[in-house]
Amino acid sequence: MKTTVAFLGLGAMGYPMACNLQKAGFTTLVWNRTFDKASAHATECGTSAADLKNAAAAEIIFSCLPTSSEVAEVVEKLLPNLEAGGVWVDCTSGDPAQSRQIAARLAGEGVDFLDAPVSGGTNGAQKGSLTIMVGGSKESFERALPALRALGKKIVHVGPVGAGHALKAVNNTLLAVNLWAAGEGLAALVKQGVDPRLALEVINASSGRSNASENLIPERVVTRAWPNTFKLGLLTKDVGIGMKVLDGADLAAPLLRLTYEVYQIAKREIGSDADHAEALKLIERWAGAEIS
Ligand code: NDP
């Protein structure tokens, strides 16, 4: 018999992820706060739009919401209808401490919780090629693995509940560092008369390269295309979680803390709903020059 899964949250990431579960042969129930999106998903991907009560009956429940607070809200709504023996797989880039609380609430109903945040952007979500870092019991990880394989290529069990979210927060803090640092360096080069395309060609064949220099800046900033796939507010939220991870480790980490401050300013000046690469518009404003 086919495993029934539910997917809660059909945003930029959840929408294509839920589609891939259906394509891989799982009977997929979808729920979204704005329900029209769930109906559109059913038409486009062959899933079934469900209310929360029906979604609660699935053997594996996925969530992909902005933060752990929305996940906790939805968990409370589902609690009365959950069935013991299920697994809840949270693909939100969430908060480790909140996830441990959510896991305890679910354990009371006999449901096991895995934090399984993802990396790879909307492109990776569409292609089913995400990197997935999973915290929780090894047994539930093994149960969820066939479904996770429909979503990602690199799937790693990294520790107990919260470990996946901690790792994701550190990863995204590094993304924030690299993006901002490359923006500052390129703005300086532009002001020295260097074409940023040539600068990137050299950096990307040298030791200063990163995902920001190889993909984000050439595709979004230099072209002025500014596609909106990952909100600046969400990246800033991840860097904030990264700060809690540093605090938990009692680590000074001045560079990462400065990055948090920088992104707070960028979010305020550029706006939460802008794409994360648009943070570089602030560097351009300060420099009085475009990286293009
Ligand atoms: P979006 O903003 O595109 O989607 C957010 C989703 O959450 C929507 O389905 C929205 O519903 C729903 N939602 C918002 N508030 C509530 C609420 N109070 N109750 C119930 N549902 C709610 O976000 P993304 O898909 O981009 O991101 C989701 C998660 O994935 C985030 O944690 C993000 O950090 C992470 N992520 C994002 C990546 C990206 O490239 N975009 C990459 C990797 C991780 P509605 O349609 O009604 O607004």
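Since we're looking at a predicted model, the values are computed, not measured. Counting convention: from 1, in listed order, for ligands and their atoms alike.
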Point to revise | Side chains of Leu232 and Tyr263 in contact at under 4.5 Å (non-hydrogen atoms) | key: yes

Any heavy atom of Glu70 under 4.0 Å from ligand 1? The part involved is side chain

- Message: I'd like to know if Lys244 and Asp95 make a salt bridge, using a cut-off of under 4.0 Å between side-chain N and carboxylate O.
- Response: yes

re atom 37 (C) of ligand 1, the protein heavy-atom contact at minimum distance is Met13 CG, 3.4 Å

In terms of its nearest heavy atom to atom 35 (C) of ligand 1, the top option of Ser68, Gly233, Ser93, Ser119 is Ser93

Residue, atom and distance of the protein heavy atom nearest atom 29 (C) of ligand 1 read Leu65 O, 3.3 Å

heavy-atom search around atom 4 (O) of ligand 1 in the protein gives Gly11 CA, 3.3 Å

task: Treat each ILVMFWY residue as a node, draw an edge where side-chain heavy atoms are under 4.5 Å apart, and state whether Leu8 and Leu151 are in one component.
output: no

Practice item. Taking the side chain as every heavy atom from C-beta outward, state whether Asn172 and Leu235 have any atom pair closer than 4.5 Å. Key: yes

Describe, in one word, how the ring planes of Phe62 and Phe7 are oriented to each other, choosing from parallel (under 30°), tilted (30 to 60°) and perpendicular (over 60°).
parallel

Atom 2 (O) of ligand 1: closest protein heavy atom, distance to 0.1 Å, is Lys231 NZ, 2.5 Å

Among non-hydrogen protein atoms, atom 41 (N) of ligand 1 lies closest to Thr229 O, 2.7 Å

Going by the 4.0 angstrom heavy-atom rule, the piece of Thr34 near ligand 1 is both

**Message:** Quick one, Leu200 and Val222 - any side-chain contact, counting heavy atoms below 4.5 Å?
**Reply:** yes

Notebook entry, point to check: What about Trp31: any of its N or O atoms under 3.5 Å from an N or O on ligand 1?
Noted result: no

Numbered in order shown, the ligand 1 atoms found under 4.0 Å of a heavy atom of Glu73 are 18 (N)

If you scan protein heavy atoms around atom 32 (O) of ligand 1, the nearest is Pro66 O, 2.8 Å

**Message:** For ligand 1 and Arg33, I'd like to know whether there is a polar contact (N/O to N/O, distance under 3.5 Å).
**Reply:** yes

Test of understanding: clusters of I, L, V, M, F, W, Y form through side-chain heavy atoms closer than 4.5 Å, transitively. Do Trp286 and Ile291 belong to the same one? yes

Original post:
Quick one: does Gly14 get an N or O within less than 3.5 Å of an N or O on ligand 1?
Top reply: no

A student checking ligand 1 against Asn32 at a 4.0 Å heavy-atom cut-off should list atoms 8 (C), 9 (O), 11 (O), 45 (P), 46 (O), 47 (O)

Check your understanding: Is the closest heavy atom of Cys64 to ligand 1 under 4.0 Å?
Key -> yes

Among non-hydrogen protein atoms, atom 33 (C) of ligand 1 lies closest to Leu234 CD1, 3.8 Å

Assess whether atom CZ of Arg257 is packed by more than 12 heavy atoms of other residues, nucleotides or ligands within 6.0 Å. yes

Here the atoms of ligand 1 under 4.0 Å from any heavy atom belonging to Val118 are 43 (C), 44 (C)

Quiz item: Below 2.5 Å, is that where the SG pair of Cys45 and Cys19 sits?
Solution: yes

**Side-chain donor/acceptor of Lys191 to backbone N/O of Ala287, under 3.5 Å** = yes

Note: heavy atom closest to atom 26 (O) of ligand 1, options Ala125, Ala12, Gly9, Gly121, belongs to Ala12

Under 4.0 Å between heavy atoms, the region of Leu235 that gets near ligand 1 turns out to be neither

So Lys237 and Thr67, do their side chains get closer than 4.5 Å, heavy atoms only? yes

